[in-house]
Q: 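Sending over a structure as structure tokens; questions will come in a sec.
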Amino acid sequence: MRVTGDGTTGGIPARSDGGPYPLHGSAAGSARRQPETAPVAPGGAEPAPEQVGYRGPTACAAAGITYRQLDYWARTGLVEPTVRAAYGSGTQRLYSFRDVVVLKIVKRFLDTGVALQNIRTAVQHLRDRGFSDLERMTLMSDGATVYECTSPDQVVSLLQGGQGVFGIAVGVVWRDVENALSQLHGERVDTGETVIGHNPTDELAARRNRVG
């Protein structure tokens, strides 16, 4: 699937190996994702990664963006906090670990000149994919189109075809954010307690264990 700058669909023919996939423009019009629910850990246990949210300044520090960018993206619906939105005065947004990863990816896309409409589609795509999918995903773009690649061969295919100018390895961004947040403060979703230096260690593995 593919999205182009004018919102139309098209692109490279379907490949027999299942990729790479141009991201489809219709994803941008899909319903907004509901806030993530957080299972409660046993009393006294270390909170699981998805039980910890991050306030705006912390999300900015980990994603490498300004608070003005964060606020604008939330107000325009580009990247909204999925743990807690700000309702009126006195409330603060709370971002999940995945939210912060998406924030960092959005910044990289903007820095390289990808069209905002295509970034919105990529954000929705990242929201809809499972955690295990993100681990092996690379997003490639030529500025007009964003492609999803899930193998080195697909990346090479795009580069050889002149369709991939730059790429973002989502797993690498994931680990960068993980390292940054391990040195910052989080907040327990269930109690509001401040968590100092919480390391969101391998959320992918944690979710796999629960599924298993």
Side-chain angles (χ1 to χ4, degrees), residues 23 27-28 32-36 38 47-86 91-141 143 146 148 166-189 194-204 206-207:
L23 306 187
R32 290 180 178 177
R33 191 166 178 267
Q34 295 300 313
E36 296 177 352
E50 68 275 19
Q51 289 183 258
V52 177
Y54 303 94
R55 295 193 177 191
T58 300
C60 289
I65 62 175
T66 67
Y67 192 85
R68 183 176 181 179
Q69 288 175 309
L70 182 82
D71 182 62
Y72 180 73
W73 295 350
R75 288 188 289 107
T76 58
L78 178 59
V79 185
E80 297 176 287
T82 58
V83 176
R84 185 176 68 214
T91 61
Q92 295 195 41
R93 302 184 185 103
L94 208 60
Y95 291 81
S96 71
F97 175 75
R98 184 202 284 252
D99 293 338
V100 182
V101 172
V102 172
L103 287 169
K104 193 174 184 72
I105 290 173
V106 167
K107 181 181 186 299
R108 292 192 178 181
F109 274 138
L110 288 173
D111 288 346
T112 51
V114 175
L116 182 60
Q117 182 175 352
N118 295 344
I119 294 176
R120 288 185 180 276
T121 301
V123 167
Q124 185 60 52
H125 187 70
L126 290 168
R127 296 289 196 197
D128 292 340
R129 297 303 296 268
F131 280 77
S132 59
D133 295 326
L134 298 181
E135 185 179 31
R136 57 191 178 89
M137 181 189 300
T138 297
L139 296 177
M140 301 288 294
S141 180
V146 178
E148 174 195 344
F166 69 92
I168 300 174
V170 178
V172 173
V173 176
W174 185 289
R175 289 187 289 276
D176 288 346
V177 170
E178 186 176 76
N179 291 335
L181 290 176
S182 69
Q183 302 178 49
L184 299 169
H185 292 183
E187 180 178 314
R188 286 191 64 132
V189 177
T194 298
V195 180
I196 301 174
H198 173 68
N199 188 352
T201 52
D202 201 356
E203 187 169 349
L204 293 171
R207 285 179 176 267

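Both backbone and side-chain heavy atoms feed into the values below; hydrogens, waters and symmetry mates do not.
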Q: Is any side-chain heavy atom of Q69 less than 4.5 Å from a side-chain heavy atom of L103?
A: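 No, too far: nothing below the 4.5 Å cut-off.
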Q: Taking all non-hydrogen atoms of both residues into account, name the closest pair between V177 and K104 and its distance.
A: CG2-CD, 3.7 Å
Q: Considering all heavy atoms of both residues, which atom of G56 and which atom of L70 are nearest to each other, and what is their separation?
A: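 In terms of heavy atoms, the two residues are closest at CA-CD2, 3.4 Å.
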Q: When you compare the side chain of V79 with that of R127, does any pair of heavy atoms fall below 4.5 Å?
A: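 R127 vs V79: side chains touch.
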Q: When rounded to the nearest 0.5 angstrom, what is the spacing between CE in M137 and CD1 in I168?
A: 11.5 Å
Q: Would V101 and L134 count as a side chain to side chain contact (heavy atoms under 4.5 Å, CB included) here? Give the steps.
A: CA-CA 10 Å; V101 172; L134 298 181; 6.0 Å; no
Q: Flag the pair L181 / F97 as yes when at least one side-chain heavy-atom distance between them is below 4.5 Å, and no otherwise.
A: yes
Q: Could you pull out the closest heavy-atom pair between V123 and L78, with the gap in Å?
A: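 Looking at all heavy atoms of both residues, the shortest contact is CG1-O, 3.4 Å.
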Q: What distance do D71 atom CG and T76 atom OG1 have between them, rounded to the nearest 0.5 Å?
A: 9.0 Å
Q: If every non-hydrogen atom of V100 is compared with every non-hydrogen atom of A62, which pair is closest and at what distance?
A: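 For V100 and A62, the tightest heavy-atom pair comes out as CG1-CB, 3.7 Å.
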Q: Do the non-hydrogen side-chain atoms of Q92 and E187 ever get within less than 4.5 Å of each other?
A: no
Q: Look at atom OH of Y72 and say whether more than 12 heavy atoms of other residues, nucleotides or ligands are closer to it than 6.0 Å.
A: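 No, the 6.0 Å shell around OH holds no more than 12 heavy atoms from other groups.
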Q: Can you check salt bridge (charged side-chain N to carboxylate O under 4.0 Å, His left out) on R108 and D176, steps first, answer last?
A: CA-CA 13 Å; R108 292 192 178 181; D176 288 346; 3.6 Å; yes
Q: State, yes or no, whether a side-chain contact exists between V146 and V114 at a heavy-atom distance under 4.5 Å.
A: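 In short, these two side chains touch, coming nearer than 4.5 Å.
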Q: Going by heavy atoms in the side chains, are K107 and W73 under 4.5 Å from each other?
A: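 In short, these two side chains touch, coming nearer than 4.5 Å.
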Q: Find out whether P81 and L94 are in side-chain contact, i.e. whether some heavy atom of one side chain is under 4.5 Å from a heavy atom of the other.
A: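 Side chain of P81 against side chain of L94, heavy atoms only: no contact under 4.5 Å found.
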Q: Please name the pair of heavy atoms, one in F109 and one in T112, separated by the smallest distance, quoted to 0.1 Å.
A: O-OG1, 2.9 Å
Q: Just how far is it from atom CG of D133 to atom CG of L126, taken to the nearest 0.5 Å?
A: 10.5 Å
